[in-house]
Amino acid sequence: MELKTIDYEFTVCKVPDYTQVHWESEFCFLGKTDEEKSLVCITEEVPDNALKCEYGWKAFRIQGVLDFSLIGILSTISSLLAENRIGIFVVSTYNTDYIFTKKEDFAQAQNVLSEAGYCVD
């Protein structure tokens, strides 16, 4: 399986609304529930109205379109990284999944995944 390294640093934000989101950005992930509004964006594009921010995330994208019937892809990746004490969070889109690690763990995550047989570009 191929994982593509995304060449940006990301920030996870808690926002009061989405009025200041940079909608034309190459990457912008939103999450909205009855309790909060969250945004994952390129660090340089953190909106001024962000209430809280967690800086310093890097990402891999699972290449290709993943069929919804596939089982265990994220489980395997997250287990490998957890065994090496690398924390993650994941954002899923219709086509695929994005795995985020803290930037200080990113090189180790690349090595762990490569050694496990993933093609990390």
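As the structure is a computational prediction, the values presented were derived from the model and not from experiment. This chain uses plain numbering: 1 for the first residue, then up along the sequence. Computed from heavy atoms alone, side chains included, the values below leave out hydrogens, waters and symmetry copies.
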Calculate, to the nearest 0.5 Å, the distance between atoms [atom1] and [atom2] belonging to [X] and [Y] respectively.
| X | Y | atom1 | atom2 | value |
| --- | --- | --- | --- | --- |
| Leu113 | Leu3 | CG | CG | 6.0 Å |
| Leu39 | Phe29 | CG | CZ | 10.0 Å |
| Glu9 | Lys58 | CD | NZ | 7.0 Å |
| Ile99 | Ile88 | CD1 | CD1 | 6.5 Å |
| Glu44 | His22 | CD | NE2 | 11.5 Å |

For this session: Flag yes if more than 12 heavy atoms outside Glu104 fall under 6.0 Å of its CD atom; otherwise flag no.
Result: yes
Does [X] share a hydrophobic cluster with [Y], counting links as ILVMFWY side-chain heavy atoms below 4.5 Å and allowing steps through other members?
| X | Y | answer |
| --- | --- | --- |
| Tyr98 | Leu74 | no |
| Val91 | Leu30 | no |
| Val15 | Trp23 | yes |
| Ile77 | Ile86 | yes |

Minimum heavy-atom distance [X]-[Y], with the two atoms named:
| X | Y | answer |
| --- | --- | --- |
| Met1 | Ile62 | SD-CG2, 3.7 Å |
| Glu26 | Tyr8 | OE1-OH, 2.7 Å |
| Pro16 | Asn49 | CD-O, 3.1 Å |
| Leu80 | Val112 | O-CG1, 3.9 Å |
| Thr96 | Arg61 | CG2-CG, 3.8 Å |

Exercise. For Thr33 and Glu35, does a side-chain donor sit closer than 3.5 Å to a side-chain acceptor?
Worked result: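 Checked: Thr33/Glu35 side chains show no N/O donor-acceptor pair below 3.5 Å.
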Exercise. Quick one: hydrophobic cluster around Tyr55, which other residues, with the 4.5 Å side-chain cut-off, linked directly or via members?
Worked result: Val46
Problem set entry | Residues which pass ring pair (Phe, Tyr, Trp, His ring centres under 6.0 Å) with Phe10, listed by chain and number, not counting sequence neighbours | Phe27, Phe100
Problem set entry | Stepwise side-chain contact (heavy atoms from CB on, under 4.5 Å) check, Phe60 with Lys4 | CA-CA 5 Å; Phe60 301 101; Lys4 178 171 177 44; over 6 Å; no
Problem set entry | Geometric cation-pi criterion, Lys103 with Trp57: 6.0 Å, 45° | no
Exercise. Short question: side chain of Gln20, backbone of Asp48 - any donor-acceptor pair under 3.5 Å?
Worked result: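 Flag set: sc Gln20 to bb Asp48 pair under 3.5 Å.
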Exercise. Which pairs count as side chain to side chain donor-acceptor pair (under 3.5 Å) when at least one residue sits in residues 105-121, sequence neighbours excluded?
Worked result: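 Found Thr5-Gln110.
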